[in-house]
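One structure is given here, and the rest of the page talks about it.
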Amino acid sequence: MTTERQNATGRIVAAQGNLMTVEFDGIVRQNEVTFIKTEGQRLKGEVIEISGNLAKVQVFELTRGITCGDTVEFDGDLLTVELGPGLLKSIYDGLQNPLELVAEQAGYFLPRGVYLIPLSRTAKWDFTPTAKVGDVVEKADYLGTVPEGVVTHRIMVPFTFIGKGKVKSIAPAGSYTIEHEIAVIEDEHGVAHKVTMFQRWPAKFPIRFGQRILPVEQLTTACRIIDGAFPVAKGGTFCTPGPFGAGKTVLQHQISKYAHIQVVVVVACGERAGEVVELLKEFPELDDPATGRKLIDRTCIICNTSSMPVAARESSVYIGTTIAEYYRQMGIDCLMLADSTSRWAQALREMSGRLEEIPGEEAFPAYLSSRISELYERAGVLKLKNDSTGSLTIGGAVSPAGGNFEEPVTQSTLAVVGCFLGLSRGRSDARRFPAVDPLISWSKYNDRFAEFGDETTRRRIEIAKKAQKVLFAADEIGKKMSVVGEEGIGRDDMVTFLKGEFYDAVFLQQNAFDKVDTATDIARQTEQLELVEMALDAELSFDSHDSARRFFLTLQDKVIQWNYTAKNDAAYADRKETVLKTLKGHTHG
Ligand code: ADP
Ligand code: MG
């Protein structure tokens with residue numbers, strides 16, 4: 001299905017950083033992949049600008065040794081992602097080199113110019129056909145299934161297939177490699193196309209064959225401050241901006257581990273290698289409570305750390321998104337997490353500078369906000385042909401310098417996402433984790449869930465809203481208290497302040513190191529919120545500020561004890577009863 005044309009060739013006439021100016025003969029496409037022949041190696045790059053017979057090429061590798069006059073081969077293809085069984089459990093770099101193979105073959109450091117095949121050509125997969133000879137099909141239609149870990153992988157008509165086609169042959173159920181011909185499809189012009197279990201797709205183009213529908217279902221992240229106060233929709237978008245060290249990476253890892261979702265793609269983009277090593281060491285060991293298998297079975301990791309070439313940061317984000325979209329097309333709920341989109345934006349800025357484009361705010365290119373919105377727009381719920389749906393939720397960490405949210409990457413992101421989870425230095429310094437600040441965060445999905453959700457959902461949202469009001473009031477009182485001292489405020493204000501602190505301590509904060517508290521399902525969150533509501537509504541009276549404080553600290557302690565108790569633990573009911581008793585003992589009427 002590739003168009004027949006001679007690929008262009010060229011030679012380097014100028015070099016600036018990793019941006020090469022190449023004079024070429026023939027036809028060159030925007031975003032076409034190129035290979036620069038230097039010192040006996042072929043270094044991968046991508047065309048980012050064409051004018052006349054000159055192309056600007058960004059090189060994804062260290063450019064040492066490249067000289068003017070070096071030959072450049074144009075590949076004819078755009079930067080593509082290989083899609084097929086075997087993506088899950090894989091760990092790739094920003095050019096989809098499988099890092100495990102890299103480690104085996106090259107001892108952890110991939111020499112430049114070496115590109116490994118992303119999907120194994122020797123692994124066999126159990127294929128079961130679902131299409132029959134004579135079926136009329138089009139791109140993205142299902143031809144068969146392959147069990148891949150926890151998901152049913154659908155083998156689809158290649159997305160590049162044009163028009164309608166007729167299935168001429170289909171392989172019987174059996175075990176095949178991904179290169180095996182599993183079907184032949186004849187197109188409208190009578191041309192036969194061989195179909196295998198894998199295909200390639202250009203990373204910068206969305207895979208979106210179906211009807212986009214409004215995301216109305218909540219994604220359970222198992223993180224209370226998100227699910228309870230600032231929820232995210234399946235197929236929606238969210239961002240977690242925050243200063244260095246506030247806990248963005250820890251929060252993303254928590255979500256990738258505990259979110260109730262079928263497939264997770266984690267993109268570690270431009271962050272420190274040490275963190276990624278932790279992720280890679282930890283992940284294969286972790287059990288998935290939902291399936292009893294390993295978490296890595298449902299996960300694909302793309303990592304392009306700060307020590308890897310900057311240009312490949314850009315591709316890593318697109319590769320991750322494309323892989324997640326591919327699974328969405330199978331009717332699967334997917335989540336793509338990128339840490340951090342600021343590093344990706346910095347790569348754009350660097351390249352824009354070399355292209356001598358007119359800079360926008362803080363020297364970011366003028367198209368920064370459109371690139372950011374294009375990325376988040378790839379999220380969404382798709383209604384597929386067979387009436388099933390698939391979704392892609394996208395969450396991006398943003399790391400603005402000094403934690404100042406008034407900068408272009410944060411602002412452009414806030415303009416497009418449905419949920420803003422802002423981490424603050426104040427909260428992380430106070431070790432209130434997750435350090436998502438409830439006074440600045442918001443979610444546009446709350447109203448939608450209230451409209452489309454069931455009775456319990458509405459109740460949860462109602463309680464969280466009530467608690468949010470108390471939180472704001474408590475914050476005001478807290479500020480006043482820091483000026484006039486505790487004795488300068490009235491007893492009622494003191495109680496409101498303590499109620500706000502209580503809600504924060506027992507619900508919004510969550511202990512990532514306690515194996516029960518680290519992840520809370522929705523049913524338990526509802527139970528916790530109902531208890532919070534009882535405490536917020538309680539008419540309490542105290543004879544001193546101190547006795548009020550003592551009471552709330554005791555109550556808080558008891559609730560946290562209960563939070564740490566597993567549901568199937570014999571002490572669960574007792575500990576809840578103790579909380580209720582403590583509360584009742586102090587309530588009037
Ligand atoms: P960032 O990615 O924002 O720079 P990290 O996610 O690496 O920050 O977090 C920095 C540190 O903060 C962690 O090493 C850990 O000590 C602490 N931290 C973050 N989140 C939590 C949490 N949920 N519970 C306990 N400690 C946390
Ligand atoms: Mg981080």
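Residue numbers run from 1 in the order of the sequence given. Note that this is a predicted model, so its numbers are computed, not measured. Atoms within each ligand, like the ligands themselves, are counted from 1 in listed order.
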**Prompt:** Per the salt bridge (charged side-chain N to carboxylate O under 4.0 Å, His left out) rule, which among Arg378, Lys204, Arg208 passes with Glu325?
**Reply:** Arg378
**Close side-chain approach of Trp442 to Leu421, heavy-atom, < 4.5 Å** = no
**Prompt:** Side chain of Thr341, backbone of Ala397: donor and acceptor closer than 3.5 Å?
**Reply:** yes
**Fill in**
Chain-and-number sorted residues having a heavy-atom contact under 4.0 Å with ligand 1 are Pro243, Phe244, Gly245, Ala246, Gly247, Lys248, Thr249, Val250, Glu275, Arg431, Phe433, Ala512, Phe513
**Item:** Contacts of the Mg ion (ligand 2) with protein N/O/S atoms, counting only those under 2.8 Å
**Value:** Thr249 OG1
**Asked** Between Asp227 and Gln525, is a side-chain hydrogen bond (donor to acceptor under 3.5 Å, both in side chains) present by the stated rule, with each step listed?
**Response** CA-CA 8 Å; Asp227 299 347; Gln525 288 189 30; 3.1 Å; yes
**salt_bridge(Glu462, Lys466) N-O dist < 4.0 Å** = no
**Message:** Closer than 4.0 angstrom, basic N to acidic O: yes or no for Lys558 and Glu577?
**Reply:** no
**Asked** On the ring face of Tyr115, is Lys44 found with NZ or CZ under 6.0 Å from the centre and within 45° of the axis?
**Response** yes
**Request:** Name all residues meeting the salt bridge (Lys or Arg N to Asp or Glu O under 4.0 Å) criterion together with Asp569; count only those two or more places apart in sequence or in a different chain, and write none if there are none.
**Result:** none
**Asked** Which residues satisfy the ring pair (Phe, Tyr, Trp, His ring centres under 6.0 Å) test with Phe60, sequence neighbours excluded?
**Response** none
